[in-house]
Amino acid sequence: MASRIPILLTGLLLLLCCLAEAEYMKYKDSKQPLNVRIKDLMSRMTLEEKVGQMTQIDRTVASAEVMKKYFIGSILSGGGSVPAPKASVETWIDMVNDFQNGSLSTRLGIPMIYGIDAVHGHNNVYKATIFPHNVGLGATRDPELVKRIGAATALEVRATGIPYVFAPCIAVCRDPRWGRCYESYSEDHKIVQAMTEIVPGLQGDIPAGSRKGVPFVSGKTKVAACAKHYLGDGGTTEGINEDNTVLDRHGLLSIHVPAYYNSIIKGVSTVMVSYSSWDGIKMHANRDLVTGFLKNTLRFQGFVISDWEGIDRITTPSHANYSYSIETGIKAGIDMIMVPMNYTEFIDGLTSQVKKNTIPMSRIDDAVKRILRVKFGMGLFEDPLADKSLVDQLGSQEHRELAREAVRKSLVLLKNGESADEPLLPLPKKSSKILVAGSHADNLGYQCGGWTIEWQGLGGNNLTTGTTVLTAIKNTVDPQTEVVYEENPDSNYVKSNNFSYAIVVVGEHPYAETFGDSLNLTIPEPGPSTIYNVCGAVKCAVVLISGRPVVMQPYIPLMDALVAAWLPGSEGQGVADVLFGDYGFTGKLSRTWFKTVDQLPMNVGDIHYDPLFPFGFGLTTRPFPNN
C-alpha cells in the first residue's frame, strides 16, 4: 500500500499539470507574438463567433445580453447617439463597460471595440472641446498642430471609455457643393497628405523600424483611427453626396489615393469604405480597389469597415436584395459591417452563405484575422474595461487653449481696407461704441457646425460649453468700450448710433452629409441683409462662418474687411484674439474661392482658373497686442 502512494501522487501531479496546460491559452498571453495569439484564438473560434466579430451594431440595439448571445465584435455611437442628453463622463464609461462585460462573459472572452465619430474633437459628448472642422485646419498649414489636436482628441475620447474613432476624414474635396466639404482639409492632396499627422496624434507614433502598414495604437491614452471614405468621396459629380466620381484611374490614384498611402505608413488601424461610386461601380462592391489595391498593393494590414448601412446601399433602392449586398460587400473585401440595426438579418445571412460555400471560409478568416490584429495590437485584451483615470481630460483648459490656437491659425484674411495703406484690421480695443451684428455672432451651435452634439448640429447656446464670438469680443475690448449687440439692425439704426465700427458675423447654418449639398452656395437670409444694412452705413469687418467658400462677390465692395473663419468650434476667443491684434493673421486658403457657382468645379491647377481668391491666398497682419 505504501508503495502505491508515490504513484498516486505522481499521477495527481501529472493530472494537475495537464489541467494547467489545458487552461493556458496562448492568445491570452501578452508575451506571445501577435501572430501566434491570432492563430491560437482563431483555431478555437466557431463560425458563429467569427461572424460575430465582423458585426458592428449601434448602441441603441446593444445590451450585455446581445453581446454575449451573438458574439458581437463592435458597437458604435452614430451621430448624436448618446446614453442620455448631456450625459456625464461616468455615464459613458458605465455604458461602455456594461456592453464590454457582456463580451467578456462569452466562451472566449473576446473584447468588443466601441467606435464613435470624433471628427472635430469628441463632438458627440457634452462639454468636450470642439476643435475647428478640417477645412479650417487645412488653412493653418500646420501638421504639427493637427497632430496635437489628434492627441487631445484621443485623451477626451478615452476619458469616456471609448478606444476607437471614425477619423480622420482624408477626402480631397474637389467641389464645395458637396455637403461634407468641411470635413476635407483641402482640394489639394498634398495638404491632405501633410495633415495625416493626425493619425500618429490619435494612435501614437509607430516605433522605429516597425513594419509599414501594420496597425498601431500605443496604449490607453490613444485610440484606433479610421481613414475615410475610401475612395474618391470628394470627387463626385457636382459634389453630390454618395454619388459617382467620374475620373480616369490615373486621376483617382494621383488625387484621392496619396493620403491613404501616408495614413497606412503611419499605422492607421482601419479604413472606412465610401458610399460613393467610381465610374458607376459602388465602392462597397469594388473588389478591385478594396482587396486588389488597398489590401494587396498598398499592403494595408488593419481592417476595412463599411459605412452605416453601406452594403445595403449597394442596391437601388437600398436593402432591396440584402443577400446580394452581403455577398458582394464581403467578397469585395470589407471585414467589419456597420450593420448597424438589424444585426440578426446580417448574421443569419452571412452564416448561411458561408455554410453554402457562397462566401469562402478563407474570406471570413481574412476579415477576423484583421479585426483581431487591431484588437490585440491596441492592448484591448489586456485592458478591455475603461477606468475613470482620464475623466479630467474632457474639455480640459489645456485642450481649450489648443483649440483657441487652432482657431487663430485657421482664420484667413481675404480683405483688409480698400488699400494696403488703410487697413481696418487689427481693430482698436479702445473705442467709444462698437456694433456687433449678425445671426452667427452669439450662436455657439452655428459656430461649431454639423457633427456637434447632434449629427446635423444645432443652433443656439445651450448645446455645450464654449465661447461665442460676441462673448470673445466683450472679453477682449477695453472695459470702457461699449459693445452693442443687435442681431439684424436696419440701416437707420446703424447710421443714427454713431458707432466707431461694426463687426458682422454671418454664414451658413449647420448641416452634415447630404443635407449640406448645395447647388447655389449662398448664405441664408438675414445674412446678406445684415451685410448691406451695416456695411452700407459704417466701417465694418465681416466674419464669415461657413464650411466652404460661398458666394461673396456681390458683397465685397461694401465691406472694409472680410475674414473666413470656417467652422471654428467651441473656442470663439480665438477669433477675437486675431481681430484685435493680440495675434496676427497667418491662415492661407486651402480651397479656391470661386466668383460664381457656374465656375465649379474649379481647382488649383485647372486651365480655366479665374477665382475670386486663389488657393493659397491670405493677407497677413502683424501682432499688435497693446492697441
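Side chains included, hydrogens not; waters and symmetry mates left out as well; all remaining heavy atoms used.
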Hey, are the side chains of Ile116 and Asn123 touching, using non-hydrogen atoms and a 4.5 Å cut-off? no
State plainly whether the residues Asp335 and Arg373 are in salt-bridge range, i.e. N to O under 4.0 Å. no
Short question: side chain of Thr328, backbone of Ser325 - any donor-acceptor pair under 3.5 Å? no
Applying side chain to side chain contact (heavy atoms under 4.5 Å, CB included) to Gln203 and Lys266, what does each step give before you reach the verdict? CA-CA 9 Å; Gln203 298 194 152; Lys266 292 172 185 180; over 6 Å; no
Has the side chain of Thr291 got a donor or acceptor atom that lies under 3.5 Å from a matching backbone atom of Ala332? yes
Rounded to the nearest 0.5 Å, what separates atom CG in Leu247 from atom OG in Ser254? 7.0 Å
For residues Thr221 and Arg158, determine if any side-chain heavy atom of one lies less than 4.5 Å from a side-chain heavy atom of the other. no
Any Lys/Arg nitrogen of Arg313 or Asp307 sitting under 4.0 Å from an Asp/Glu carboxylate oxygen of the other? no
Keeping the roles fixed (side chain from Thr196, backbone from Asn262), state whether a donor-acceptor pair exists under 3.5 Å. no
Might you confirm whether atom CZ of Arg287 has over 12 heavy atoms from other residues, nucleotides or ligands at distances under 6.0 Å? no
CD1 on Ile170 to OH on Tyr230, rounded to 0.5 Å: 10.5 Å
In this structure, are over 12 heavy atoms from other groups packed under 6.0 Å from Lys331 atom NZ? yes
Is it true that the side chains of His319 and Glu345 contain a donor and an acceptor less than 3.5 Å apart? yes
Residues Arg107 and Glu49: closest non-hydrogen pair is NH2-OE1, 2.8 Å
Can you tell if the side chain of Leu350 reaches within under 4.5 Å of the side chain of Thr55, non-hydrogen atoms only? no
Aromatic plane relationship, Tyr27 with Phe376 - under 30° parallel, 30 to 60° tilted, over 60° perpendicular: perpendicular
For Tyr511 and Tyr182, I'd like to know if the aromatic rings sit close, meaning centre-to-centre distance below 6.0 Å. yes
Roughly how far, to the nearest 0.5 Å, is the OG atom of Ser63 from the CZ atom of Phe99? 7.5 Å
Between Asn241 and Thr514: side-chain donor-acceptor atoms closer than 3.5 Å: yes
So, Arg174 and Asp188, do they make that salt bridge, N to O below 4.0 Å? no
Below 4.5 Å, heavy atoms only, C-beta onward: do Asp233 and Trp178 meet side chain to side chain? yes
Under a 4.0 Å N-O cut-off, is there an ion pair linking Arg59 with Asp98? no
d(Ile72 CD1, Gln53 CD) to nearest 0.5 Å is 9.5 Å
Step-by-step side-chain hydrogen bond (donor to acceptor under 3.5 Å, both in side chains) determination, Glu309 to Ser318: CA-CA 9 Å; Glu309 294 180 353; Ser318 177; 4.9 Å; no
Looking only at side chains, do Tyr164 and Ser74 share a donor and an acceptor under 3.5 Å apart? no
Does the side chain to side chain contact (heavy atoms under 4.5 Å, CB included) test come out yes or no for Val82 and Val125, once each step is laid out? CA-CA 8 Å; Val82 299; Val125 175; 5.9 Å; no
Measure from the side-chain N and O atoms of Lys375 to the backbone N and O of Gly73, and report whether any donor-acceptor pair falls under 3.5 Å. yes
Evaluate ring-ring contact (aromatic ring centres under 6.0 Å, His included) for Trp455 paired with Phe515, printing each intermediate quantity in order. CA-CA 11 Å; Trp455 173 41; Phe515 293 91; 5.7 Å; yes
Closest heavy-atom pair, Met54 versus Ile371, reported as atoms and distance to 0.1 Å, is CA-CD1, 3.9 Å
Pair Leu104-Leu385, side chain to side chain contact (heavy atoms under 4.5 Å, CB included): steps then yes or no: CA-CA 10 Å; Leu104 297 178; Leu385 294 169; 4.1 Å; yes
Sub-3.5 Å donor-acceptor pair from the side chain of Ser306 to the main-chain atoms of Met338, do we have one? yes
Could you work out, with side-chain contact (heavy atoms from CB on, under 4.5 Å) as the rule, every residue matching Tyr261, not counting sequence neighbours? Ile265, Leu298
Any side-chain donor paired with an acceptor under 3.5 Å for His120 and Thr452? yes
Sidechain-backbone polar pair: Lys26 side chain, Gln32 backbone, donor-acceptor under 3.5 Å: no
Student check: side-chain heavy atoms of Val61 and Val66 closer than 4.5 Å: no
Backbone N/O of Glu156 and side chain of Gln393: donor-acceptor pair under 3.5 Å: no
Does the side chain of Asp517 come within less than 4.5 Å of Glu238's, by heavy atoms? no
Is it the case that the ring center of Phe166 lies less than 6.0 angstrom away from the ring center of Trp308? no
Between Glu382 and the options Lys31, Lys220, Arg37, Lys28, the salt bridge (charged side-chain N to carboxylate O under 4.0 Å, His left out) test singles out Arg37
Out of curiosity, Ile57 CD1 to Ile337 CD1, how far, rounded to the nearest 0.5 Å? 14.5 Å
Check: Trp451 main-chain N/O paired with His133 side-chain donor or acceptor under 3.5 Å: no
Where the side chain of Lys222 meets the backbone of Gly201, is there a donor-acceptor pair that is under 3.5 Å apart? yes
Do other residues, nucleotides or ligands put more than 12 heavy atoms under 6.0 Å from the NZ atom of Lys369? no
Are Tyr322 and Thr315 close enough that a side-chain donor and a side-chain acceptor fall under 3.5 Å? no
I want to check something: taking the side chain as every heavy atom from C-beta on, are Asp117 and Lys228 in contact at a cut-off of under 4.5 Å? yes
Would you call Glu508 and Arg548 a salt bridge, taking side-chain N to carboxylate O under 4.0 Å as the test? yes
Nearest 0.5 Å, please: how far is OH in Tyr70 from OG in Ser103? 14.5 Å
Would you check if the side chain of Asp248 reaches a backbone N or O of Gly251 as a donor-acceptor pair within less than 3.5 Å? yes
State, yes or no, whether a side-chain contact exists between Met195 and Pro168 at a heavy-atom distance under 4.5 Å. no
With distance as the sole criterion, is a donor-acceptor pair present between the side chains of Glu48 and Thr351 under 3.5 Å? no
The single option from Thr160, Thr153, Thr129 that satisfies side-chain hydrogen bond (donor to acceptor under 3.5 Å, both in side chains) with His122 is Thr160
Closest non-hydrogen atom pair between Val304 and Gly333, with its separation: CB-O, 3.9 Å
Please name the pair of heavy atoms, one in Ile453 and one in Leu463, separated by the smallest distance, quoted to 0.1 Å. CG1-O, 3.8 Å
Identify the two heavy atoms, one from Leu76 and one from Pro340, that lie closest to each other, and give their separation to 0.1 Å. CD2-CB, 3.8 Å
Quick one: closest heavy-atom pair of Ser590 and Ser186, and the distance? O-OG, 2.7 Å
